[in-house]
Undergrad: 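Sharing a structure, written as structure tokens. Questions coming.
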Amino acid sequence: MKQRIIFLCIVSLILGSCGDFLEPKSKSEFVPKDANSLSELLLGEAYPRNGITELNVFLHLLDDDIAPAPYQGVKVGSDANRWYAPYTWQSNMYDIMGTAGEKYTNLYSSYYALILGANAILDYVDDINDDKNAINSVKAQALALRGFLYFNLINIFGAPYNYDKTALGVPLKLNSGIEESELKRNTVEEVYVQIIKDLLEAERLYKTLPSAQQWQPNKRTSLPMVHLLLSRAYLYMEEWEKAATYANHVITNGNFHLLDLNTIKTYSEEDPSIPSYINYHSYTTSSEVIWVYGNITDVTKYVYNVSVSTNDHPFFRASKELMNYFDETENDLRKERYVIRSKFQIINEDNELEAMPSAFGKINVSSKAYYQPVATNDAFGRSLRLSEAYLNFCEAKAMLYKAGVANAGQEALNTLNEFRRFRFPLNYQNENITDPEKLITFIHNERRRELCFEDHRWFDLRRWGMPQIQHTWYPDAQSTLVYTLKEHDPGYTIPLPPDALELNNLLEQNPLAPAPRNGINL
């Protein structure tokens with residue numbers, strides 16, 4: 001008899017620390033009798049809901065879209081070393097964060113907790129007796145979620161696929177049962193093979209459903225969500241034709257439309273002096289949203305820490321490099337709509353005071369408290385959006401053009417201009433780029449502008465060759481330290497948490513940079 005499903009409402013007890021997913025223990029059990037029960041269980045225990053924190057929480061501290069605010073040396077309600085360790089790519093970041101009083105975010109455990117939820121559904125779903133469509137819907141959701149979760153895990157803790165697909169990835173745990181032995185890390189390639197397998201099966205199952213059930217704005221996974229993830233995975237694997245094909249499935253899906261930023265007001269009608277920002281990760285405010293997930297706190301925890309009463313300041317701001325990328329293209333509407341401006345004033349390169357560009361955007365903020373992020377029950381921190389499909393298509397076609405597919409360059413350029421018309425004033429002039437390398441570079445930069453603060457930049461830097469980048473840190477008012485992440489640096493892959501290694505003796509740590517990573521004092 002198939003083992004009974006563990007009731008995962010106590011998953012926080014089951015997965016109190018990394019590695020416990022290998023030996024689930026439960027004080028109660030739940031045997032679902034129909035697809036609806038499984039669906040509710042799936043929603044509660046496998047979806048990265050807005051009430052769940054600690055998913056990708058400090059990834060945006062690693063890339064080059066973030067820089068220190070001029071007030072970083074000031075003690076802002078907590079020890080700055082809580083932010084210092086991941087920001088400077090320290091290989092012992094978990095120890096440093098713990099010493100500074102921050103219970104480090106256990107990304108590894110958080111992801112496997114949700115994977116266990118998806119696995120439990122897949123272990124049982126074929127044995128229930130219910131409507132076939134209802135069963136296929138639940139199974140498709142579980143597979144889509146598992147593919148999504150493993151995609152993030154492998155790009156956090158494994159080497160980039162196009163750099164070394166034989167490198168160690170993460171353990172593939174594909175059931176909710178107790179393993180007879182601890183699990184070794186599968187290779188990067190093996191994990192990608194499973195991701196593609198899960199997503200393709202989810203696609204097949206979704207296609208068996210009536211079209212009205214293949215996508216709904218109900219926070220559930222869907223056929224277009226799976227298509228976008230397949231496009232993303234194939235893009236990372238450099239299978240350009242497949243990446244373009246799946247991106248085009250999303251682009252041509254009539255449920256979604258590019259949001260014209262000309263229609264988005266940048267200032268409040270009640271008070272023209274107050275900037276106005278909308279949540280771009282919402283079905284109600286954006287026609288581009290395919291699927292919403294994640295917590296706003298995860299987007300802002302490490303970049304926004306302000307006490308209004310004491311006039312403390314954020315530690316971080318949007319980097320000057322990122323802001324200059326918007327300036328490269330005249331009248332880019334995204335600069336004022338995607339990057340939230342703080343009430344704090346800084347001196348810009350023209351020696352003028354301006355509102356500091358925050359190191360986050362595209363979410364709800366309060367205009368009364370330093371444009372502080374606002375977390376509500378229906379607010380999500382991230383989403384899969386139509387714009388990514390356009391950029392995936394453009395990049396894939398540009399790479400095919402470079403490889404000698406003649407018409408691919410024009411396809412990339414046509415789609416790029418079609419997309420950009422929704423990001424610029426009505427007098428937008430088409431780009432006309434014929435050189436393959438210049439077209440690829442332009443699309444890379446366009447991706448940076450469009451997808452800033454959405455967990456794409458770090459992953460993109462990894463797959464685009466892991467270039468050298470630098471971060472500046474102010475340990476005190478008189479000192480400036482510059483930390484360098486070198487080309488192909490081991491720091492481009494996050495170390496496994498110490499307790500994961502303690503609880504699973506078969507896990508091997510990633511190659512690490514020397515600890516500590518020292519900065520150069522300017």
Side-chain angles (χ1 to χ4, degrees), residues 65 217 224 228 247-248 250-292 318 322-342 354-355 357-358 360-367 371 374 379-380 382-395 411-433 439 442-454 456-457:
D65 282 348
L228 185 52
N248 193 54
V250 182
I251 292 170
T252 57
N253 189 307
N255 290 302
F256 316 107
H257 307 280
L258 287 172
L259 181 64
D260 186 352
L261 295 190
N262 287 283
T263 66
I264 306 300
K265 292 182 171 57
T266 55
Y267 285 90
S268 168
E269 293 181 351
E270 292 77 16
D271 186 346
S273 67
I274 298 177
S276 177
Y277 301 101
I278 70 166
N279 185 357
Y280 291 88
H281 306 302
S282 167
Y283 296 114
T284 58
T285 55
S286 175
S287 57
E288 296 184 16
V289 171
I290 298 168
W291 180 55
V292 291
L322 171 63
M323 300 309 291
N324 287 340
Y325 266 70
F326 290 111
D327 288 338
E328 283 182 5
T329 51
E330 188 177 359
N331 297 322
D332 192 329
L333 299 174
R334 292 169 291 195
K335 184 176 183 180
E336 299 302 324
R337 289 159 177 79
Y338 282 3
V339 183
I340 292 170
R341 291 282 180 166
S342 169
E354 70 172 8
S358 299
F360 61 89
K362 304 173 184 170
I363 59 174
N364 290 333
V365 294
S366 167
S367 62
Y371 308 125
V374 176
F380 288 78
R382 300 177 184 87
S383 66
L384 298 188
R385 298 191 295 126
L386 175 62
S387 57
E388 183 195 345
Y390 273 84
L391 295 170
N392 289 355
F393 181 90
C394 291
E395 182 177 345
E411 289 182 271
L413 196 58
N414 291 345
T415 303
L416 179 67
N417 283 316
E418 177 187 349
F419 167 73
R420 282 167 59 84
R421 278 193 286 273
F422 289 82
R423 300 301 187 252
F424 288 83
L426 300 179
N427 60 350
Y428 171 74
Q429 299 295 311
N430 283 346
E431 295 290 335
N432 185 21
I433 307 170
L439 180 59
F442 192 93
I443 292 168
H444 285 184
N445 294 343
E446 187 70 9
R447 190 176 177 91
R448 184 179 190 181
R449 289 184 283 264
E450 175 64 26
L451 302 176
C452 60
F453 311 132
E454 294 187 61
H456 287 277
R457 181 62 178 172

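The structure displayed is predicted, hence computed values, not measured ones.
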Undergrad: Can you confirm whether Val339 sits close enough to Phe453 that some side-chain heavy atom of one is under 4.5 Å from a side-chain heavy atom of the other?
TA: yes

Undergrad: How about Phe419 and Cys394: do any of their side-chain heavy atoms sit closer than 4.5 Å?
TA: no

Undergrad: Can you name the closest pair of heavy atoms from Ala389 and Ala247 and give their distance?
TA: O-CB, 3.4 Å

Undergrad: So, taking the atom named CE in Met323 and the one named NZ in Lys335, what distance separates them when rounded to the nearest 0.5 Å?
TA: 5.0 Å

Undergrad: Which of these, Arg447, Arg385, Arg382, sits in a salt bridge (Lys or Arg N to Asp or Glu O under 4.0 Å) with Glu454?
TA: Arg385

Undergrad: Can a donor-acceptor pair be found between the side chains of Glu450 and Ser387 at a distance below 3.5 Å?
TA: yes

Undergrad: Can you check whether Leu258 reaches Tyr390 side chain to side chain, under 4.5 Å on heavy atoms?
TA: yes

Undergrad: Could you give the distance from OG (Ser287) to CG (Leu386), rounded to the nearest 0.5 Å?
TA: 7.5 Å

Undergrad: Within the distance-only criterion (no hydrogens, no angle test), does the side chain of Thr415 pair as donor or acceptor with the backbone N or O of Glu411 below 3.5 angstrom?
TA: yes

Undergrad: Do Tyr277 and Asn364 touch side chain to side chain, with heavy atoms closer than 4.5 Å?
TA: no

Undergrad: Which value, rounded to the nearest 0.5 Å, describes the distance between Ile290 atom CD1 and Glu388 atom CD?
TA: 8.0 Å

Undergrad: Partners of Tyr280 by ring-ring contact (aromatic ring centres under 6.0 Å, His included), sequence neighbours excluded?
TA: Tyr338

Undergrad: Can you tell me how far the CG atom of Leu333 sits from the CZ atom of Phe424, to the nearest 0.5 Å?
TA: 7.5 Å

Undergrad: Using a 3.5 Å distance criterion without hydrogens, assess whether the side chain of Arg337 forms a donor-acceptor pair with backbone atoms of Leu261.
TA: yes

Undergrad: Taking the side chain as everything from C-beta on, heavy atoms only, tell me whether Asn255 gets closer than 4.5 Å to Pro224.
TA: no

Undergrad: Give a yes or no answer on whether the side chain of Ser358 reaches the backbone of Phe360 with a donor-acceptor pair at less than 3.5 Å.
TA: no

Undergrad: Can you confirm whether Ile363 sits close enough to Ile340 that some side-chain heavy atom of one is under 4.5 Å from a side-chain heavy atom of the other?
TA: yes

Undergrad: In terms of side-chain geometry, is the basic nitrogen of Glu288 or Arg423 positioned less than 4.0 Å from the acidic oxygen of its partner?
TA: yes

Undergrad: Nearest 0.5 angstrom please: Thr285 OG1 to Ile264 CD1, how far?
TA: 7.5 Å

Undergrad: How about Asn417 and Tyr428: does a side-chain donor come under 3.5 Å of a side-chain acceptor?
TA: yes

Undergrad: Under a 4.0 Å N-O cut-off, is there an ion pair linking Arg449 with Glu446?
TA: yes

Undergrad: About how many Å separate CG of Leu451 and CG of Leu391, when rounded to the nearest 0.5 Å?
TA: 5.5 Å

Undergrad: Considering residues at least two apart in sequence or located in another chain, which fulfil the ring-ring contact (aromatic ring centres under 6.0 Å, His included) criterion with His257?
TA: none

Undergrad: Please lay out, stage by stage, how Arg421 and Asn430 fare under the test side-chain contact (heavy atoms from CB on, under 4.5 Å).
TA: CA-CA 8 Å; Arg421 278 193 286 273; Asn430 283 346; 3.1 Å; yes

Undergrad: Under 4.5 Å between any side-chain heavy atoms of Asn392 and Leu228, yes or no?
TA: yes

Undergrad: Taking all heavy atoms of Ala355 and all of Arg341, pick out the closest pair and write down the distance.
TA: O-NH1, 2.7 Å

Undergrad: Taking all non-hydrogen atoms of both residues, which atom of Ala412 and which atom of Leu439 are closest, and how far apart?
TA: CB-CD2, 4.1 Å

Undergrad: Do Phe326 and Cys452 touch side chain to side chain, with heavy atoms closer than 4.5 Å?
TA: yes

